[in-house]
Amino acid sequence: MSSLPDQAAVAAAIAAFEADLAAAPSPREAQTVRDKYLGRKNSVVASWMQLIATAPPDEKRNIGRFANELKAAIEERWNAHAERADAGARPSGAVDITLPGRVGALGRRHPLTSVRDRMEAIFTRMGFAVVEGPEIEDEWHNFDALNMPAEHPARDMQDTLYLATPVKGETGRADDRRTLLRTHTSSMQIRYMQAHQPPIRIVVPGRVFRRDDLDLTHSPAFGQIEGLAVGEGISLADLKGTLLAFARDMFSSTARVRFRPSFFPYTEPSAEVDISCWQCNGEGCPMCKKTGWIELGGCGMVHPAVFEAVGYDAEHYTGFAWGIGIERVAILRHQVQDIRLFFENDLRFLEQFPY
Ligand code: 2NL
């Protein structure tokens, strides 16, 4: 048997490994070199380990130490070699096209924005133009012009958010100069009628404000889409057809609508519009609270006093108008339990909606 391994033998084996590895022409050959020194059977390290069994007792420890030293030295050199080979395999800065793609985080529209866009699209296809207006209004555009005179209860401080900044009023009356956060987008329809002659067909989406506390179904700020059509010979049938077409497009192609008599100062006659429940087709279920109907919004034929306020000939023109809440439509479409979720911007909620 050859002489037992010593420190010189360790150095010699390392040098031999380095020379063999440098001479290896391919990764496959390099692997063979590694196995020759580190493999579990018949390798240099393995044969040194085997010597321990037959060596004199006082040599066993040293042989083990040298074998482990050699093993660690070769592993270190092999790992360094593998890293170099890896880095050399592609030019630095190049993209490794074998890696899975990295998908950038995509944002999405807020569910209220999607619903509003969808509502606008439906009315736009029916020939309505989309118009927007100021959130800060004067009392004349928000109340007087809509047949709500100074004593009207809706003008109360309890219901409406007044601002400290006065504007130049329309009538010159003292209270006409107060400003407020608009309670509906009707005030913009008034502005539009002042600036345009019939025929007109517009929808006015936007944020409106009421002095309400936040709860499951109320928010002091919410979105609305109001619509207005004015022309010659426009009738209640046109209003019904328009809202039925909207309900079928927005909720269900087989939906029916019903009109319940109601009251608004700015329409006569006035009605609440209900849509047949699209979950149970009017049979009665939890969604419609067993009534078969779901309330959509309010509507009516424009009151002659409104036409007079904007200078239209109320004998010559007729028109219809409606108001629908955007959150309400979103709550119904997506079956959301709490209106506050729309305003909290918690991504766990928002990410549940389609783009
Ligand atoms: C509701 C009720 C409604 C209108 C809004 C309107 C606008 C003008 C003239 C006449 Cl300029 N009417 N808008 C009419 C009826 C009802 O909204 O409860 N909305 C959620």
Side-chain angles (χ1 to χ4, degrees), residues 112 115-116 119 123 128-134 137-149 152 154 159 170 182-210 212 217-231 234-236 238-240 242-243 246-247 250 257 259-275 294-312 314 317-332 339:
L112 292 177
V115 165
R116 173 182 156 167
M119 294 171 80
F123 288 119
F128 288 83
V130 178
V131 177
E132 291 183 75
E137 271 294 359
D138 58 73
E139 286 198 277
W140 190 85
H141 286 94
N142 196 81
F143 291 128
D144 295 74
L146 286 153
N147 201 25
M148 286 185 274
H152 198 279
D159 302 333
E170 198 92 10
R182 65 178 178 191
T183 58
H184 40 212
T185 63
S186 317
S187 44
M188 183 53 208
Q189 281 131 281
I190 297 297
R191 290 181 182 279
Y192 191 90
M193 286 190 279
Q194 288 181 301
H196 299 83
Q197 284 303 306
I200 61 168
R201 251 186 294 180
I202 55 170
V203 287
V204 188
R207 205 190 294 269
V208 301
F209 307 85
R210 308 268 165 96
D212 267 334
T217 53
H218 294 86
S219 162
F222 60 98
Q224 214 199 9
I225 291 195
E226 284 207 15
L228 174 70
V230 182
I234 290 184
S235 74
L236 191 70
D238 299 313
L239 169 59
K240 282 185 151 184
T242 302
L243 293 183
F246 167 74
M250 191 78 204
V257 291
F259 285 59
R260 274 182 295 115
S262 184
F263 175 81
F264 302 107
Y266 30 88
T267 46
E268 180 59 36
S270 305
E272 307 277 345
V273 205
D274 297 339
I275 173 177
I294 292 169
E295 193 178 318
L296 212 55
C299 64
M301 299 304 289
V302 180
H303 197 290
V306 176
F307 285 150
E308 272 152 30
V310 298
Y312 281 7
Y317 295 116
T318 52
F320 62 79
W322 75 85
I324 297 177
I326 295 175
E327 285 79 3
R328 175 145 181 83
V329 171
I331 283 170
L332 293 172
I339 196 172

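Just follow the structure's listing: the first ligand is 1, and inside any ligand the first atom is 1.
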| query | When only distance counts, is Gly300 in polar contact with ligand 1, meaning an N/O pair under 3.5 Å? | reply | no
| note | Residues passing the salt bridge (charged side-chain N to carboxylate O under 4.0 Å, His left out) test with Arg210, sequence neighbours excluded, are none
| Basic-acidic side-chain contact under 4.0 Å: Glu132, Arg116 | yes
| query | Would you call Glu295-Arg260 a salt bridge at under 4.0 Å N-O? | reply | yes
| message | Could you check whether any heavy atom of Cys299 sits closer than 4.0 Å to an atom of ligand 1, since that is the contact criterion I want to use? | response | yes
| note | Note: ligand 1 atoms sitting under 4.0 Å from heavy atoms of Thr267 are 10 (C), 12 (N), 14 (C), 15 (C)
| Which residue and heavy atom of the protein sit nearest atom 6 (C) of ligand 1, plus the separation | Ala321 CB, 3.4 Å
| said: Is it the case that the ring center of Phe307 lies less than 6.0 angstrom away from the ring center of Tyr317? | reply: no
| message | Under the rule for salt bridge (charged side-chain N to carboxylate O under 4.0 Å, His left out), what residues qualify as partners of Arg191, not counting sequence neighbours? | response | Glu137, Asp138
| said: Looking only at the aromatic ring of each residue, does the gap between the centers of Phe259 and Trp322 stay below 6.0 angstrom? | reply: no
| Is the closest heavy atom of Met193 to ligand 1 under 4.0 Å? | yes
| message | I need the nearest protein heavy-atom contact for atom 8 (C) of ligand 1: residue, atom name and distance, please. | response | Leu146 CD2, 3.8 Å
| task | Starting from atom 3 (C) of ligand 1, find the nearest protein heavy-atom neighbour and note its residue, name and distance. | result | Gly323 N, 3.5 Å
| message | Looking only at protein heavy atoms, which one is nearest to atom 11 (Cl) of ligand 1, and what is the separation? | response | Gln189 CB, 3.4 Å
| Where the side chain of His184 meets the backbone of Asn142, is there a donor-acceptor pair that is under 3.5 Å apart? | yes
| said: For atom 10 (C) of ligand 1, what's the nearest protein heavy-atom neighbour? Residue, atom name and distance, please. | reply: Tyr266 O, 3.4 Å
| task | For ligand 1, indicate whether the residue Phe264 contacts it via side chain, backbone, both or neither (heavy-atom separation under 4.0 Å). | result | side chain
| task | Tell me which protein heavy atom sits closest to atom 13 (N) of ligand 1, plus the residue, atom name and distance to 0.1 Å. | result | Glu226 OE1, 2.9 Å
| query | Is it true that a side-chain atom of Ser270 and a backbone atom of Gly300 form a donor plus acceptor pair closer than 3.5 Å? | reply | no
| field | atom 18 (O) of ligand 1: the protein heavy-atom neighbour that sits closest, reported with distance to 0.1 Å | value | Gly298 N, 3.9 Å
